[in-house]
Amino acid sequence: MAYTYFPGCCMHGFARHCQDSLYAVFNALGLELRELPDWNCCGATTYSSVDEHQAFVLAARDLALADQVGLEVVAPCTACYMVLKKTKDFLGRYAELRALIDRTLASGGLHYEGRVEIRHPLEILLRDVGVKALKAKVKRPLRGWNVVPYYGCLIARPYALSEGMSLEAFDHFIPVLGANLVDFELRDRCCGGSVTGTIEEVGHRLVYILLHQAKRNNADVMVTICPLCQLNLEAHQGKIKRQYGDDVTIPVPYFTQLIGMALGLSDQALGLNKLLVPIRWDVSTRGLGAREPAPA
Amino acid sequence: MNEGVRIPGSLPASEQALRRRFLEEANLVPGGERISLCLQCGTCTGSCPVSYAMDISPRMLIALFRAGHIEEILRSRTIWICASCYMCTTRCPQAIKITELLYALKRTAMDAKLYPDRFPVYVLSRTFVRLVNRYGRSHELLLLLIYYLRRNPLELLRLMPLGLSLWRKGRISLFPSKIKGVRAIRDILRGAEALELPREKEAAQYVEGVVGYRAVG
């Protein structure tokens, strides 16, 4: 199966390791990602605070390019995911806006059809591979690992996930890998997004609340599905530790890194060396992970 | 005898202009008019993860809008603190698109050049838009460099340790990549460009109009 891959700016920047692991896992599962040719920034949540019309035009250009390819769009950054979905929703529901945007796109020789759907890679894995098939591919189960899932805001807000998908359904990928799924009541609470960069003290507090609660729930690993959440949650752990006097050190891998580890892919291919808070096989002292040597 | 007759009041002209501008922006948000259905229940404020840091809570913001105090809203830190988590929008019992309306307020503030004192977060949005318009994509290093140089270059020092560790891990790209269709994008965006006019703060001039909820619509 092949999909149009919409990386978003961060996957080519600070989230390279997320992209590495995404490609590695999709390859290992026989799924093909084809990067959308000449994609542009989706505008994120920032562009629409300057100009709504231009923000829609930006995202609509990507959707129009994806229409030409015709394959389902995989967006691994939840901000891109939400913005593309929002644009598709607005253009689908409001004919006047659509006509306006289409006129603007036409000046660049493009036309918006709205044929392709936007998916997060985790939706694809659960729908097109499925938990059973994924389980069959697990070579190194993450036995004894206590894992909290953290999804962040934009994957299920304000737009619902696709039919049959929910954050509860998302949770299933963790036990499949052999790890313990630790319930996490804050799994869709805000990590601060860009606020960690603009108003540091506010952003740090949001990150602290999440890390503190994850540790309190006895988690060894906090897994994320958004590259910006991933950066926010791991980049400020040192500062937060000093500021709040609370040791919140916990590895925060991107979900395809965790899946890739269980599938037996190499650290290199998964970009594990690029994590700021390293994840090791002995991350948990509870299970066999520490004692079981990794197969060569 | 004038008993029972009410004299229509009005809003200052500057406020009326801001109000008109905001309502135009809010109208770009499909369903934006639902702001008038607010019950003042406070679910938005209670759900907001950053309301503790705001000078005007989301509920209060809608109350101020009704009372005809757009300028106060635009000068608040609130609209720039919002992290776009959409929790208020999802939970609002009246289905008011609060997050989208905050974007509309940000646009109104940018347009009117009204910002909170010593709180230049809006510079990030501006810088982001400039980068995207120039390269077709955002670039984290340039974005943060320009933002902090404009805001307070000394703060760059605080970012150095994080920058260095990301650099060591190979997670910083030094140069932005320009997309092939960037010229086309600029043309397209120019077609969509909204006029940006500088605005002077006007002295209160009272003009004819109604007062109360009818005045603030």
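Everything numeric in this text was worked out from a predicted model, so none of it was measured. First the proteins, then the strands, lettered A, B, ... as listed; each starts at 1.
Within 6.0 Å of CD on A:Glu168 lie more than 12 heavy atoms contributed by other residues, nucleotides or ligands. Within a 6.0 Å radius of CD in A:Gln268, no more than 12 heavy atoms belonging to other residues, nucleotides or ligands are found. Shown here is B:Arg134, whose CZ atom has no more than 12 heavy atoms of other residues, nucleotides or ligands within 6.0 Å. By the 6.0 Å contact criterion, NZ on A:Lys241 is open, its count of non-hydrogen atoms from other residues, nucleotides or ligands being 12 or less.
The two residues B:Gly181 and A:Asp38 come nearest to each other via the heavy atoms N-OD2, 2.6 Å. Here the closest non-hydrogen pair linking B:Ala53 and A:Val202 is CB-CG2, 3.7 Å. Taking both residues in full, the closest heavy atoms of A:Thr45 and B:Ser84 are given as CB-OG, 3.7 Å, listed atom of the first, atom of the second, then distance. Residue A:Ser48 comes nearest to B:Arg107 through the heavy atom pair O-NH1, 2.8 Å, listed as atom of the first residue, atom of the second, then distance. The two atoms that bring A:Gln54 and B:Asn133 nearest to each other are OE1-ND2, 4.5 Å, heavy atoms only.
Contacts between B:Thr90 and chain A at a heavy-atom distance below 4.5 Å involve the side chain alone, from C-beta outward. In this structure, chain A has no heavy atom under 4.5 Å from any part of B:Tyr135. Neither the backbone nor the side chain of A:Arg103 has a heavy atom closer than 4.5 Å to any heavy atom of chain B. Using a 4.5 Å cut-off between heavy atoms, B:Arg77 makes no contact with chain A at all. Using a 4.5 Å cut-off between heavy atoms, A:Tyr47 touches chain B through backbone and side chain atoms alike. For chain B, the nearby part of A:Glu200 is the side chain; its heavy atoms alone come within less than 4.5 Å. Of the two parts of A:Asn273, only the backbone, made up of N, CA, C and O, holds a non-hydrogen atom closer than 4.5 Å to a non-hydrogen atom of chain B. For B:Ile79, no part lies under 4.5 angstrom from a heavy atom of chain A. Only the side chain of A:Val195 comes within contact range of chain B, judged by heavy atoms closer than 4.5 Å.
Atom-to-atom distance recorded for B:Leu124:CG and A:Thr198:OG1 is 6.5 Å, nearest 0.5 angstrom. The distance from atom OH of B:Tyr122 to atom OG1 of A:Thr46, rounded to the nearest 0.5 Å, is 16.0 Å. To the nearest 0.5 Å, atoms OG (A:Ser49) and CE (B:Met110) are separated by 5.0 Å.
For the set B:Met87, B:Glu140, B:Arg151, B:Lys106, the count of heavy-atom pairs under 4.5 angstrom toward chain A peaks at B:Glu140. Of the listed residues (B:Glu25, B:Arg158, B:Glu155), the one with the most heavy-atom contacts under 4.5 Å to chain A is B:Arg158. The most heavy-atom pairs under 4.5 Å with chain A, out of B:Glu100, B:Lys97, B:Arg137, come from B:Arg137. In terms of heavy-atom pairs under 4.5 Å with chain B, the best-connected choice from A:Ile209, A:Leu275, A:Leu100, A:Ile101 is A:Leu275. Counting heavy-atom pairs closer than 4.5 Å to chain B, the top-ranked of the candidates A:Arg189, A:Arg93, A:Arg205 is A:Arg205. In terms of non-hydrogen atom pairs under 4.5 Å with chain B, the most contact-rich of A:Pro158, A:Ser107, A:Gly108, A:Gly193 is A:Pro158. With chain A as partner, the option from B:Ser47, B:Ala184, B:Pro49 having the largest number of non-hydrogen pairs under 4.5 angstrom is B:Pro49.
Contact of the B:Phe119 side chain with the A:Ile199 side chain is registered, since non-hydrogen atoms from C-beta on lie closer than 4.5 Å. Using a 4.5 Å cut-off on side-chain heavy atoms (C-beta onward), B:Ile185 and A:Leu58 make contact. At a threshold of 4.5 Å between non-hydrogen side-chain atoms, the residues A:Asp51 and B:Val129 do not count as touching. Considering only heavy atoms from C-beta on, B:Phe128 comes within 4.5 Å of A:Cys41 through its side chain. Between A:Leu154 and B:Tyr86 there is a side-chain heavy-atom pair separated by less than 4.5 Å.
The backbone N or O of B:Thr89 lies less than 3.5 Å from no partner atom in the side chain of A:Arg157, so there is not a single donor-acceptor pair.
Proximity to chain A at a heavy-atom threshold of 4.5 Å picks out B:Leu162, B:Ser165, B:Leu166, B:Lys169, B:Gly170, B:Arg171, B:Ser173 from residues 162-174 of chain B, in numerical order. Identified by a heavy-atom distance below 4.5 Å to chain B, the contributing residues of residues 7-21 of chain A are A:Cys9, A:Cys10, A:His12, A:Gly13, A:Phe14, A:Arg16, A:His17, in residue-number order.
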